[in-house]
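First the structure, in the form of structure tokens, and then the observations on it.
Any value given below was found using the heavy atoms of this structure, including those in side chains, with hydrogens, waters and symmetry copies removed.
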Amino acid sequence: MHIALTCQNRRTLSAHTGRCRHFLLTDGERFRSVELDISQTLRESMQGGDWSSHPLAGIEVLITAGVGAGLVQGLARHGIRTVISAQSLPASALAEWLADPQGRAAGHSESIGGGGSHCHF
């Protein structure tokens, strides 16, 4: 499974997903850092263009501290599930999601609607 985490300051999970330029990519074991050009932010990329050549193409899950409904819907059109986590450390947010990827543990709530799906931890 290919997972991206928003990490604008390179230390903590970030909100403002659409404007984030720094992501951590993982297969669940190792992290790899990806820096996007301003024209490659998710906000810009969801407005058109060729997603297949985007640096985040191929991810299945995006874990973030906050994201708007429009971006959740745009990501869902590309088959990407959006997860909102209250954890501040990317490794903790990833571990929490990997332990309960369906969001069924106590304290997790799944929101589905408008063509998009996101899970709050």
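In the displayed structure, His16 atom NE2 is contacted under 6.0 Å by at most 12 heavy atoms of other residues, nucleotides or ligands.
A donor-acceptor pair under 3.5 Å is formed between the side chain of His54 and the backbone N or O of Gln40. In this structure, the side chain of His2 does not engage the main chain of Glu60 through any donor-acceptor pair within 3.5 Å. Within the 3.5 Å criterion, the main-chain N or O of Arg19 finds no donor-acceptor partner in the side chain of Arg43. The closest donor-acceptor contact from the side chain of Gln73 to the backbone of Gly70 lies at 3.5 Å or more, if one exists at all.
Annotation: side chain of Ile3 is not in contact with side chain of Ile59 (no heavy-atom distance under 4.5 Å). Using a 4.5 Å cut-off on side-chain heavy atoms (C-beta onward), Leu36 and Pro55 make contact. Considering only heavy atoms from C-beta on, Met46 comes within 4.5 Å of Leu75 through its side chain. A heavy-atom distance below 4.5 Å is not found between the side chains of Leu25 and Phe31. Using a 4.5 Å heavy-atom cutoff, the side chains of His22 and Val34 are not in contact. You'll find the side chain of Arg81 reaches within 4.5 Å of the side chain of Trp97, heavy atoms only. Using a 4.5 Å heavy-atom cutoff, the side chains of Gln8 and Cys20 are in contact. Looking only at side-chain heavy atoms (C-beta outward), Val61 and Ile80 stay at 4.5 Å or farther from each other.
Note on Leu5: it does not cluster hydrophobically with Leu89, by side-chain heavy-atom contacts below 4.5 Å among ILVMFWY residues. One hydrophobic cluster, built from ILVMFWY side chains closer than 4.5 Å, holds both Leu94 and Met1. Criterion: ILVMFWY side-chain heavy atoms under 4.5 Å apart, direct or through other members. Under it, Leu24 and Leu98 are part of a common hydrophobic cluster.
A search for salt bridge (Lys or Arg N to Asp or Glu O under 4.0 Å) contacts involving Glu35 returns Arg10, not counting sequence neighbours. Ser52 pairs by the side-chain contact (heavy atoms from CB on, under 4.5 Å) definition with Asp50, not counting sequence neighbours.
The distance from the CZ atom of Arg21 to the OG atom of Ser14 is 13.0 Å, given to the nearest 0.5 Å. Note that the CD atom of Glu44 and the CG atom of Asp37 stand 10.0 Å from one another [nearest 0.5 Å].
Here the shortest heavy-atom pairing between Ala15 and Ala65 reads N-CB, 3.7 Å.
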Residue pair Leu13, Ser85: steps toward the side-chain contact (heavy atoms from CB on, under 4.5 Å) verdict: CA-CA 8 Å; Leu13 204 62; Ser85 177; 3.7 Å; yes
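Screening Thr41, Thr64, Thr6 against Thr17 for a side chain to side chain donor-acceptor pair (under 3.5 Å) leaves a single residue, Thr64.
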